[in-house]
Amino acid sequence: QVQLVQSGGGLVQAGGSLRLSCAASGRTFSLYTMAWFRQAPGKEREFVAAIYWSAGTTFYADSVKGRFTISRDNAKNTMYLQMNSLKPEDTAVYYCGVKPGGSTTVPSRPVEYGYWGQGTQVTVSS
C-alpha cells in the first residue's frame, strides 16, 4: 500500500551536513505522521524527528534539537531531514517511517509505524 524510498546517506566529517530524503508512493499522507528513526550498531532503534503531514507540527529528540530539521514537500509526497553540525554519535542507519493519524503524545514509538523505508547509512568520522 505504501512504499518509502530513501536517499541521501553517506560519509562526512564531524561538523558537516547531510540531507536525507524519503519519497512516498501508493498513498497520500495528508492525515498521516511521518518520522525519522536511526539505529546504531548494538543499539535499539531511536526516534529522531517526526512531522504531522497536514499541520506541519514537528517533534525532535533532545539529542538532535538545534541541529536537525525535518520538513516535507506536500506536492512531491517527500520528507526531508536536514542534518547539520554532525557528530560521530550520529552515525547510524537512518529509516523513515509512516503511521496513521497523529498521536496523544510525541510520536516516538517505532511500534506505531506500519511502513518503513529501506534505510540509509550515515557515517560521521572524527
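Only heavy atoms go into these numbers, but all of them, side chains included; no hydrogens, no water, no symmetry mates.
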**Message:** For T120 and Q118, which I'm curious about, is there any donor-acceptor pair between the side chains at under 3.5 Å?
**Reply:** no
**Item:** Single-linkage hydrophobic cluster L4~V93, side-chain heavy atoms < 4.5 angstrom
**Value:** no
**Prompt:** Between CD of E46 and CZ of R38, what distance do you get to the nearest 0.5 Å?
**Reply:** 4.5 Å
**Prompt:** Is R45 close enough and on-axis enough to Y95, meaning under 6.0 Å and within 45°, for cation-pi?
**Reply:** yes
**Asked** In Å and rounded to the nearest 0.5 Å, what is the CD to OG distance from Q13 to S125?
**Response** 5.0 Å
**Fill in**
On a heavy-atom basis, the closest approach of T78 and K76 is OG1-O, 3.0 Å
**Message:** Test of understanding: clusters of I, L, V, M, F, W, Y form through side-chain heavy atoms closer than 4.5 Å, transitively. Do V12 and M83 belong to the same one?
**Reply:** yes
**Item:** Polar contact flag, side-chain donor to acceptor under 3.5 angstrom, S17-N84
**Value:** yes
**Request:** Could you tell me which non-hydrogen atom of V124 sits nearest to which non-hydrogen atom of K87, and how far apart they are?
**Result:** CB-O, 3.3 Å
**Message:** Test of understanding: clusters of I, L, V, M, F, W, Y form through side-chain heavy atoms closer than 4.5 Å, transitively. Do L11 and L81 belong to the same one?
**Reply:** no
**Item:** Nearest heavy atoms of P107 and F47, plus distance in Å
**Value:** O-CE1, 3.6 Å
**Message:** Measuring from atom CZ of F37 to atom OG of S108, what distance do you get when rounded to the nearest 0.5 angstrom?
**Reply:** 7.0 Å
**Message:** Once rounded to the nearest 0.5 Å, what's the spacing between atom CE of M79 and atom OG1 of T33?
**Reply:** 10.5 Å
**Prompt:** Got a donor-acceptor contact below 3.5 angstrom from the Q39 side chain to the E44 backbone?
**Reply:** no
**Asked** Hey, is CD on E89 packed in by over 12 heavy atoms from elsewhere, all under 6.0 Å?
**Response** yes
**Asked** Looking only at heavy atoms, what is the nearest atom pair of T105 and Y52, with distance?
**Response** O-OH, 4.3 Å
**Message:** With clusters defined by side-chain heavy atoms of hydrophobic residues (ILVMFWY) lying less than 4.5 Å apart, directly or transitively, does W53 cluster with Y113?
**Reply:** no
**Complete:** Correct closest heavy-atom pair for F68 and V48 would be CD2-CG1, 3.8 Å
**Message:** Give me the atom names and distance for the closest heavy-atom approach of Q6 to G119.
**Reply:** OE1-N, 3.1 Å
**Message:** One pair to check against side-chain contact (heavy atoms from CB on, under 4.5 Å): T91 and V122. What are the steps and the verdict?
**Reply:** CA-CA 5 Å; T91 295; V122 172; 5.9 Å; no
**Request:** Indicate, with yes or no, if Y115 and W36 share a hydrophobic cluster defined by side-chain heavy-atom contacts under 4.5 Å among Ile, Leu, Val, Met, Phe, Trp and Tyr.
**Result:** yes
**Message:** Donor-acceptor pair, distance only, cut-off 3.5 Å: does the side chain of Y60 make one with the backbone of I70?
**Reply:** yes
**Request:** Measure the CG-CD distance between N77 and Q3 for me, rounded to the nearest 0.5 Å.
**Result:** 12.0 Å
**Prompt:** Does the cation-pi check pass for R72 over Y80, that is, NZ or CZ under 6.0 Å from the six-membered ring centre and within 45° of its axis?
**Reply:** no
